[in-house]
2 protein chains.
Amino acid sequence: MAFITPKPQCEKVEKRPGCIQSALNILGDKWSPLLIGQLVSEPRTFGDLEVMLVGISPRTLSARLDKLTRENIIVRKQYNAHPPRFKYHLTEKGDDLEKILRTMADWGERYHE
Amino acid sequence: MAFITPKPQCEKVEKRPGCIQSALNILGDKWSPLLIGQLVSEPRTFGDLEVMLVGISPRTLSARLDKLTRENIIVRKQYNAHPPRFKYHLTEKGDDLEKILRTMADWGERYHE
DNA sequence: TTACAAAGTATAGTGAAAGGAACTATACTA
DNA sequence: TAGTATAGTTCCTTTCACTATACTTTGTAA
């Protein structure tokens, strides 16, 4: 009988394997946590974000926004018809990431430096 | 007067900039969250971890253990003198990461698939 | 009709992280 | 003294996230 990589301690932290990975798939890159942090309770335009995320290239910002949209973390909403202008909003799923960011921030606050 | 990249919304989530980054510096790579999860309440040897983290190369495991040791997340303790045998334990700082992992797991549990 | 801004896209290239396979060092054991 | 186990190290290659910069498209204003 095959033993399918059981990771026996997995359920100590997560009920199903992959749950932590699915959060890290969203938060594990350089810019996404910062980007999501900027959208908490305040929708932003591409240009806003380009200014706030100092050092990001438009290519990377575009790629992050695409990925987060595909993952249903943010949505792009038109707020002006002529000229067409858009803002990115957090979805409920995205908004719930704030809990994780806060827990991280608390940990960082305690142990930073 | 210079305006030093203020990120005005930063304090909405984290009190000081960099706190989230410092947590992600530990948790943001492929293996560290899994590795730390395996050490919660149960010290492990190199060989244990090599078996549990299915697919990890000894090179990568060694590099992760080094980094987490330098960051004071884990400690290497000798539990047998002859032959010399070691186990890796979480420090208090490392143990506190469990809160973050749990929050991530909760989020993943809710939104996975 | 030129000129300017917002919101991206296109092209080209770099660097760090991770993978794979083989190898080493030390200590015990038959 | 040959073999086995633990605990790594070394070398080489690949992948991919991110950077830099130029360009395009759509619409407004002078």
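Worth knowing before you read on, the calculation uses all heavy atoms, side chains too, and leaves out hydrogens, waters and symmetry mates.
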Is there a salt bridge (charged side-chain N to carboxylate O under 4.0 Å, His left out) between A:Arg64 and A:Asp29? Walk through the geometry before answering. CA-CA 9 Å; A:Arg64 280 316 109 230; A:Asp29 60 51; 3.7 Å; yes
Return no unless some side-chain N or O of [X] is found under 4.0 Å from OP1 or OP2 of [N].
X	N	value
B:Lys30	C:dG19	yes
B:Ser57	C:dA18	no
B:Thr45	D:dT6	no

Given atom CH2 of A:Trp31 and atom C1' of D:dT19, what is their separation to the nearest angstrom?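 Rounded to whole Å, this separation is 10 Å.
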Nucleotide D:dC18, atom P - distance to CG of A:Leu65 in whole Å: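 Atom CG in A:Leu65 sits about 13 Å away from atom P in D:dC18.
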Looking only at the side chain of [X] (C-beta and beyond, no hydrogens), which of the listed nucleotides [options] gets closest?
X	options	result
B:Pro83	C:dA18, D:dC18, C:dC28	C:dC28
B:Ser62	C:dG8, D:dC18, D:dT9	D:dT9
A:Pro58	D:dT21, C:dA7, C:dA22	D:dT21

Which comes earlier along DNA chain D counting from the 5' end, the contact point of B:Ala63 or that of A:Gly28, where each point is its nearest nucleotide?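 Looking at DNA chain D, the more 5' nearest nucleotide goes with B:Ala63.
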Counting only N and O atoms by type, is there a donor-acceptor contact under 3.5 Å from the side chain of A:Thr69 to the main-chain atoms of A:Leu65? yes
NA contact type, A:Arg59, heavy-atom cut-off 4.0 Å: base, sugar-phosphate, or nothing?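 The answer is base, as A:Arg59 lies within the cut-off (heavy atoms under 4.0 Å) of a base atom.
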When hydrophobic residues are tied together by side-chain contacts of less than 4.5 Å, even through go-betweens, does B:Phe86 share a cluster with B:Leu49?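 No; B:Leu49 is not reachable from B:Phe86 via cluster members.
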